[in-house]
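Below is one structure, written out as structure tokens; the observations come after it.
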Amino acid sequence: GELASGGGVLEGTVRAIGWNGQVIVADRKAMSGGDPDGPMVLDIASKKVEGPFDQDVVARKYPSIKLSSAADAWKTLR
């Protein structure tokens, strides 16, 4: 399962992250070399994870979400 892989629900490593009240967008580096990298969208209410998507598609669909490095995102939350 995804938790056993070490990659969590995104099955990868978070390179950048951003959010609003409805979704979290995380640009991931896939754990498996055969899986594509790219933005994953996590719906907060339904807990559904979709993606990866093309960067431009995500930017158009969620223009208010600006992706930041994980370190910068943590600073924002403090």
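Worth saying up front: this structure is predicted, and the values here are computed from it rather than measured. One is the number of the first residue; the rest follow in order along the sequence.
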Inset, instruction - Measure across Pro36 and Ala30 and return the closest heavy-atom pair with its distance rounded to 0.1 Å. - result: O-CB, 3.7 Å

Legend entry - Heavy-atom pair with the smallest gap, counting every atom of Ile17 and Ala73: CG2-CB, 3.5 Å

Inset, instruction - Following the transitive rule for hydrophobic clusters with a side-chain heavy-atom cut-off under 4.5 Å over Ile, Leu, Val, Met, Phe, Trp and Tyr, establish whether Leu42 and Trp74 coincide in one cluster. - result: yes

Legend entry - Pro39 versus Val25, closest heavy-atom pair with distance: CB-CG1, 4.2 Å

Inset, instruction - Using the side-chain contact (heavy atoms from CB on, under 4.5 Å) rule, take Met40 and Val9 through it: C-alpha gap first, then chi angles, then the decisive distance, then the call. - result: CA-CA 10 Å; Met40 304 289 286; Val9 297; over 6 Å; no

Inset, instruction - Could you tell me which residues satisfy side-chain hydrogen bond (donor to acceptor under 3.5 Å, both in side chains) with Ser46, sequence neighbours excluded, listed by chain and number? - result: Asp43

Legend entry - Candidate pair Ile65 and Val58, rule side-chain contact (heavy atoms from CB on, under 4.5 Å), full reasoning: CA-CA 9 Å; Ile65 297 178; Val58 173; over 6 Å; no

Legend entry - Co-membership, hydrophobic cluster, residues Val23 and Leu10, 4.5 Å side-chain: no

Inset, instruction - Calculate, to the nearest 0.5 Å, the distance between atoms CG and CH2 belonging to Leu77 and Trp19 respectively. - result: 4.0 Å

Legend entry - Closest contact, heavy atoms only, Ser64 versus Asn20: OG-ND2, 4.2 Å

Inset, instruction - Could you tell me which non-hydrogen atom of Leu67 sits nearest to which non-hydrogen atom of Gly18, and how far apart they are? - result: CD2-N, 3.4 Å

Inset, instruction - Taking the side chain as every heavy atom from C-beta outward, state whether Arg28 and Asp35 have any atom pair closer than 4.5 Å. - result: yes

Inset, instruction - Determine whether Lys61 and Val41 make a side-chain contact, defined as any pair of heavy atoms from C-beta on separated by less than 4.5 Å. - result: no

Legend entry - Heavy-atom pair of closest approach, residues Ile44 and Gly21: CD1-O, 3.8 Å

Legend entry - Linked, directly or transitively: Val49 and Ile24 (ILVMFWY side chains, under 4.5 Å): yes

